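Computed from heavy atoms alone, side chains included, the values below leave out hydrogens, waters and symmetry copies. Just so we're clear, the structure is a prediction, and the values are computed from it rather than from any experiment.
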Amino acid sequence: MTLDRAAGLAESARALAEGEVTSRALVEAALARIEATQGSLNAFRIVRTRAALAEADAADRELATGVRRPLLGVPVAVKDDMDVAGEPTAFGCRGTFPPVPEDGEAVRRLRAAGAVIIGKTNTCEFGQWPFTEGPAFGETRNPWRPEHTPGGSSGGSAAAVAAGLVPAALGSDGAGSVRIPASWTHLIGVKPQRGRVSTWPRGESFQGITVNGTLARTVADAALLLDAASGNHALDPHRPPAVDAVAAAGRDPGRLRIALSLRPPFTAVPARLLPEVRTRVVELAGKLAALGHDVEEADPPYGQIGLTFVPRATAGIAERVREAPEPALLDRRTHGAARMGRLLGGAPLRAARRAEAALHRRIGGFFQSYDVVLAPTTAAPPPLIGAFHDLGGLATDRAMIAACPYAWPWNVLGWPGVNVPAGFVDGGLPVGAQLLGPANSEPLLLSLAAQLEAELRWYEQWPPEHELMDAPAA
């Protein structure tokens, strides 16, 4: 038996466990697909060819002796902000970064589950923007429409999964950086509860707004990768109660009260939901109503939540810039954000962190009336490659907020959100919608996403065949 690129994470793990395919065959096929598309899609910063084949051979030896682990022998990718032993962690930057001595906690847990880490995917500089481009690695492209971005900052992971190079991948989400590229590449993107997937060796990444999450073509695959990566380092400051994501993805969610929230949270920059995106999200709300849920328009009481986001985000950039081996090579916009972070890194940052408790109480109260919020993931479809290239810092911020005003509040709150595909606009550009919940609500969100998926079967749709997809099957 052979497996083609449509085989997902769970199917690959099953076929390996039942002896229908070897890990080496799966890894060789994934490497061939990556090689065939790297010059066009450019999803990967590092491809671990020799190391991944060695890991595959070791997995095959374990499988042959009857060892079974959840992902034993399955190739997966991780974003290049995560430490993989023996590889540099450049996080989208130019410069010479030394190899790190040990895996980050999330990667360590994937290995413990048996996964083969096939490579590290491209991301924009320090994950700041909703595109995946930069002088360090070039342009990562969208498999659905290669002249467009796959989004960011987990754009390399999203492109790799959407194109079938790997069945699933880890990304990170500090202002929508898993959910935005998932929406723009027709994927499931899970931003879990803060602390669910460790960001160690940083106990809090970007002052706690950034978490690690999963990208996959199906809810079951996203849940399987989430369970495999979940857990904490002994020194992690956030340790949420464990959940069983795989079991949740197989449960009926029951009848839910769903708030359809179309109004963007307040920002200093105007943002408008484009009509074609609004139509797709409203159609999804109609599907939820047809499934028996109570759906009505209502917006969470966000208030001035944006005032608490900026100090945390920019202080996080300032920390990264201080650690960069060659800061002179960084983007001028990065230096501008770092200057802002240094200004806001004292009392404003402390005030922003203190405000989180009050936000939890106020917005948490909204969930006494509703179980889930359905909102657009972005206000617009994916921009063209290069659309942000020549912009200054303020112009980039304005363009970014205009396109992506919906995702970041849940990073301030630290609560879970799941992007689901909402369809296509403008002749084939994917857009998505977010299912958002209160603290530790991943099981509810995943069960609802799986119910939608069973109805809409979005995983059956693939990017159109063209030269980017010209890669062999396993």
Side-chain angles (χ1 to χ4, degrees), residues 5 9 12 26-56 74-95 97 99-100 103-104 106-107 110-111 115-127 131-144 146 149-172 177-178 181-182 184-185 187 189 212 214-217 225 385 463 467-472 474:
R5 66 182 178 128
L9 197 70
S12 297
L26 287 184
V27 170
E28 285 179 340
L31 290 168
R33 290 192 291 267
I34 293 167
E35 183 179 8
T37 60
Q38 187 62 11
S40 46
L41 278 185
N42 188 29
F44 282 81
R45 181 74 182 263
I46 295 170
V47 182
R48 304 179 68 245
T49 302
R50 293 179 61 184
L53 289 170
E55 291 173 20
V74 183
V76 299
V78 301
K79 183 178 178 180
D80 191 30
D81 62 342
M82 300 180 195
D83 286 352
V84 175
E87 308 291 351
T89 303
F91 203 172
C93 300
R94 290 187 290 173
F97 289 77
V100 300
D103 293 330
V107 173
L110 287 185
R111 289 196 197 275
V116 175
I117 310 301
I118 204 161
K120 303 185 73 179
T121 57
N122 277 325
T123 173
C124 60
E125 195 167 287
F126 294 140
F131 55 86
T132 302
E133 304 165 38
F137 59 88
E139 298 141 353
T140 298
R141 296 180 176 271
N142 194 319
W144 292 91
T149 181
S153 63
S154 305
S157 287
V161 175
L165 310 186
V166 290
L170 286 185
S172 60
S177 287
V178 162
W184 283 347
T185 57
L187 297 177
N212 292 332
T214 62
L215 294 123
R217 293 182 53 79
L225 190 63
I385 292 285
E467 65 273 12
L468 295 180
M469 299 296 100
D470 187 17

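In terms of heavy atoms, T185 sits closest to A162 at O-CB, 3.7 Å. Contact detail for M82 and G171: the closest heavy-atom pair is CE-O, 3.2 Å. The shortest non-hydrogen separation linking A43 to A159 is CB-CB, 4.3 Å. Looking at every heavy atom in both residues, R94 comes nearest to P135 through NE-CG, 3.7 Å. Shortest non-hydrogen contact noted between T121 and A77 is CG2-CB, 3.8 Å. Contact between P75 and I118 at its shortest, heavy atoms only, is CB-CD1, 4.0 Å.
Remark: K120 engages D80 in a salt bridge (Lys or Arg N to Asp or Glu O under 4.0 Å) (not counting sequence neighbours). N212 is linked by a side-chain hydrogen bond (donor to acceptor under 3.5 Å, both in side chains) to nothing, counting only residues two or more places apart in sequence or in another chain. Every residue meeting the side-chain hydrogen bond (donor to acceptor under 3.5 Å, both in side chains) condition with E125, not counting sequence neighbours, appears here in chain and number order: T334. When the side-chain hydrogen bond (donor to acceptor under 3.5 Å, both in side chains) test is applied to S12, no partner is found at least two apart in sequence or on another chain. Q38 is linked by a side-chain hydrogen bond (donor to acceptor under 3.5 Å, both in side chains) to N42, counting only residues two or more places apart in sequence or in another chain. With sequence neighbours excluded, the residues that form a salt bridge (Lys or Arg N to Asp or Glu O under 4.0 Å) with E55 are R48, R111.
In this structure, SG on C93 lies 9.5 Å from CZ on F137, to the nearest 0.5 angstrom. Residue T132 holds its OG1 atom at 8.5 Å from CD1 of I385, rounded to the nearest 0.5 Å.
Side-chain contact check for T89 versus F97: every heavy-atom pair is 4.5 Å or farther apart. Between L110 and V78 there is a side-chain heavy-atom pair separated by less than 4.5 Å. At least one side-chain heavy atom of F44 sits under 4.5 Å from a side-chain heavy atom of L165. Side-chain contact check for V100 versus V84: every heavy-atom pair is 4.5 Å or farther apart. Side-chain atoms of L215 and L225, non-hydrogen and from C-beta on, never get closer than 4.5 Å to each other. Considering only heavy atoms from C-beta on, P167 comes within 4.5 Å of V74 through its side chain.
Between the side chain of D83 and the backbone N or O of D103, no donor-acceptor pair lies under 3.5 Å. Side-chain N or O atoms of W184 include none that pairs as donor or acceptor with a backbone N or O of G151 at under 3.5 Å. A donor-acceptor pair is defined here as one N or O able to donate and one able to accept, closer than 3.5 Å; such a pair exists between the side chain of S177 and the backbone of S153. No side-chain donor-acceptor contact under 3.5 Å links T140 to the backbone of G156. In this structure, R33 contributes its side chain and G164 its backbone to a donor-acceptor pair below 3.5 Å.
For the residue pair S157 and K79, no side-chain donor N or O sits within less than 3.5 Å of a side-chain acceptor on the partner. Checked by atom type, the side-chain pair S172/D81 shows a donor-acceptor distance below 3.5 Å.
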Q: Applying side-chain contact (heavy atoms from CB on, under 4.5 Å), run through V76 and L9 and close with a yes or a no.
A: CA-CA 9 Å; V76 299; L9 197 70; 3.7 Å; yes
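The pair E139-R141 counts as a salt bridge, with a side-chain nitrogen and a carboxylate oxygen less than 4.0 angstrom apart.
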